[in-house]
Amino acid sequence: MVPKLPTNLPCQLGLKFMKAACDSGDLPRARNLFDKIGEPDLRTWTVLISAYTRHGLPKDSIKIYSLLRVREINPDKLLLLSVAKACSTLRDTIKAKEVYEDAIRFGFHSDTLLGNAFIDMFAKCKCVEDARRVFDDMPVKDVVSWTSLTSCYVTCCLPRRGLDEFREMVLNRVRPNAVTVSSILPACSELRTLKLGREIHGFVVKHGMEENLFVCSALVSMYANCLSMRQAQLVFDNMSQRDIVLWNVILTAYFSNKECEKGLDLFYKMRYDGVQLNDASWNAVIGGCTQNGRTELALEMLGQMQNSGFRPNQITITSVLPACTGFERLGTGKEIHGYIFRNWFIEDLTTTTAVVFMYAKCGDLELSRKVFSLMPKKDTVAWNTIIIANSMHGKGEEALLLFQKMLDSGQKPNSVTFTGVLSGCSHSLLVDEGLLFFNSIRDYSIEPDADHYSCIVDILSRAGRLEEAYDFIQKMPLEPTAGAWGALLGACKVHKNMELAKIAANRLFEIEPNNPGNYVLLSNTFASAKLWDEASEIRNLMRDRGITKEPGYSWV
DNA sequence: TTAGGGTTAG
């Protein structure tokens, strides 16, 4: 029974009731109480703002703050701290800047604790330069300030600057702690700089941080990313206590290092040993199966996950959707789409983008377009996906049109956008359009990459302009990839040019000596020109080098 | 009372 309340609640009594309501998660009641307090003090405002953020309603926190400002009440340090937290949870850039301006206006520009919170707030909003400015303006910086700034660079995809800042921190005689180390290790991971990673590992051992679960997870992840699975395993084995995140890290490490069977064995062992799994464990194993081509098993695991009482979330869905490829999986794809619809995941950009791609790969471009057109918000990746979907289906003109629409909508293209459109041009034999498009890449401040060059080789090759394609490869400023030579070789088969075929094949054998596809392609090229001796010679060469081709199979 | 680990689309 809820006690009856007086209409004008004294502040102290109201605050007591409000705290109880917040603790039990009854925020409507907390708000009701707040409204009944005649003159709430700053503490009361802060309690309500923090409670909204803590219970996943940061938008309401911001609303309350606006109310406070409308009433021309001046915030104090703790109140600003709670609003900063709301802004970082919401990733609301505009509000974040306003709150920071307020902090300066009310004289909190030199507060270290508040400054640290603002660095983190701007980091979460991806406002790197603002985070930097806060840091530079702080008269007293502590280990949290330095860690927050380094971590800001790392999470905003600037790992190199993160490492620079880390060095600067050490030079300033601020000693990194376990939090610093676990924030900087992902930068080593990203840059695959095993040497620095090892040095930091040495620092960890020297300062007795090995038993820290965060540090250990980051180390395992770093070694696994730097292709040193043995080291990752060693760090993991030496840990005396393991939580579920650490288990998930090593699980993911096996799958991302293409050791699918080991990953599966570990997962079965975890289940057998009674390790308490969570959603992420299932997501890791489902995503691992998908990435390693074990699509049937990925779908099977999705069923097992549900049978074990877990509900697939957005991440599960985006991990399993790529397993739906080909017409025979269209039905499964539609079922998953239905699940997304029923669970309101439709608002999630990543999930819906994965659906767009799934339909395209299952052969239903119409459904793919329909889902895309119903998306309320479209980011660069969403646009890239629909462009690639059309290109895959031989709709080059449509891909070019979509590119224009993307620009009109205000989304910036990235290098993947250009690969998507160029591959559309090559599938639709749009030679002049493709070349023109290629020459415009730099207009968007993007440096053409190896994929773009390969696409042009493909465009010229498919159009039968083999000499031009060969000339283009020789003149390209980047090292030609297997993709470029492969495109040329493929076209040589169609246009029966044995001389260029040999040149392309030799380059391919240098780059990918163990790819059976290249040998088979060259052999078939000879065969198509009725050069049977040369064809079997290549088959023999393949046998001598111990390269075997796994036989293809069909569902029919 | 401010900083940290795992799973996500091309």
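Everything numeric in this text was worked out from a predicted model, so none of it was measured. Per chain, numbering begins at 1; letters A, B, ... match sequence-line order.
- Across B:dA9, B:dT8, B:dG6, the shortest atom-to-atom separation from the side chain of A:I315 is found for B:dT8.
- A:D348 comes within 4.0 angstrom of nothing in the nucleic acid, heavy atoms only.
- At a threshold of 4.0 angstrom between heavy atoms, the contacts of A:K85 are confined to the sugar-phosphate backbone, with no base atom among them.
- Among the nucleotides B:dG4, B:dA9, B:dT7, the one closest to any side-chain atom of A:F357 is B:dA9.
- The side chain of A:N278 lies closest to B:dG6 when the candidates are B:dG6, B:dG4, B:dG5.
- Of the listed nucleotides (B:dA3, B:dG10, B:dT7), B:dA3 has the atom at the smallest distance from the side chain of A:D120.
- Rounded to whole angstrom, the span from the CZ atom of A:F236 across to the P atom of B:dG5 amounts to 19 Å.
- Rounded to whole Å, atom P of B:dT8 lies 19 Å from atom CG of A:N384.
- Straight-line distance from the CE atom of A:M375 to the P atom of B:dG10: 13 Å, rounded to whole Å.
- Neither side chain, A:S148 nor A:D120, offers a donor N or O lying under 3.5 Å from an acceptor on the other.
- Counting only heavy atoms from C-beta outward, the side chains of A:T180 and A:V174 never approach each other to under 4.5 Å.
- Near DNA chain B, meaning a heavy atom under 4.0 Å away, the residues from residues 136-148 of chain A are A:V144, A:T147, A:S148.
- Remark: P of B:dT2 and CG of A:D111 are 13 Å apart, rounded to the nearest angstrom.
- In the set B:dT7, B:dG4, B:dG10, B:dT7 carries the atom at the smallest distance from any side-chain atom of A:T252.
- The main-chain N or O of A:S423 is found under 3.5 Å from a side-chain atom of A:H427 such that the two form a donor-acceptor pair.
- Among the nucleotides B:dT1, B:dG10, B:dG4, the one closest to any side-chain atom of A:V416 is B:dG10.
- The backbone N or O of A:G333 sits nowhere less than 3.5 Å from a side-chain atom of A:H337 that would complete a donor-acceptor pair.
- Donor-acceptor pairing under 3.5 Å is recorded for the side chains of A:T316 and A:N313.
- At a threshold of 4.0 angstrom between heavy atoms, the contacts of A:S319 are confined to the sugar-phosphate backbone, with no base atom among them.
- Nucleotide B:dT2 holds its P atom 11 Å from the CZ atom of A:R54, rounded to whole Å.
- Protein atom CD1 of A:I387 is 19 Å distant from nucleotide atom P of B:dA9, rounded to whole Å.
- For A:L81, whose side chain is taken as the heavy atoms from C-beta onward, the closest listed nucleotide among B:dG6, B:dT1, B:dG10 is B:dT1.
- Distance from the side chain of A:A354 is smallest for B:dA9 among the nucleotides B:dT2, B:dA9, B:dT8.
- Below the 3.5 angstrom threshold, one finds no donor paired with an acceptor across the side chain of A:N248 and the base of B:dG5.
- Of the possible donor and acceptor atoms, one in the side chain of A:H452 sits under 3.5 Å from a partner among the backbone N and O of A:D449.
- Within 4.0 Å of A:I388, counting heavy atoms only, lie sugar-phosphate atoms of the nucleic acid but no base atom.
- Residue A:I286 contributes atom CD1, which lies 15 Å from atom P of B:dT7 at whole-angstrom precision.
- Residues of residues 166-184 of chain A that place a heavy atom closer than 4.0 Å to DNA chain B, in numerical order, are A:N177, A:A178, A:V179, A:S182, A:S183.
- Checked against A:F418 for a ring-ring contact (aromatic ring centres under 6.0 Å, His included), the options A:F438, A:Y453, A:F403 give a single hit: A:F403.
- Of all nucleotides listed (B:dT8, B:dT1, B:dG10), B:dT1 comes nearest to the side chain of A:L113.
- Among the heavy atoms of the strands lying under 4.0 Å from A:L246 is at least one base atom, whether or not backbone atoms are also near.
- Taking the six-membered ring where the residue is Trp, A:Y100 and A:F118 present perpendicular rings, their angle passing 60° and hence far from 30°.
- Below the 3.5 angstrom threshold, one finds a donor paired with an acceptor across the side chain of A:N212 and the base of B:dG4.
- As judged by a 4.0 angstrom heavy-atom cut-off over every strand, A:K361 is placed among residues making no nucleic acid contact.
- Figure legend: A:K378 and A:F372 shown as a cation-pi pair, the cationic atom lying under 6.0 angstrom from the six-membered ring centre and within 45 degrees of its axis.
- The distance from atom CG of A:N283 to atom P of B:dG6 is 14 Å, rounded to the nearest whole Å.
- Under 4.0 angstrom from either OP1 or OP2 of B:dA9 there lies no side-chain N or O belonging to A:Q314.
- With A:K141 contributing its side chain and A:T112 its backbone, the two residues share no donor-acceptor pair below 3.5 Å.
- Considering only heavy atoms from C-beta on, A:D451 stays 4.5 Å or farther from A:S415 through its side chain.
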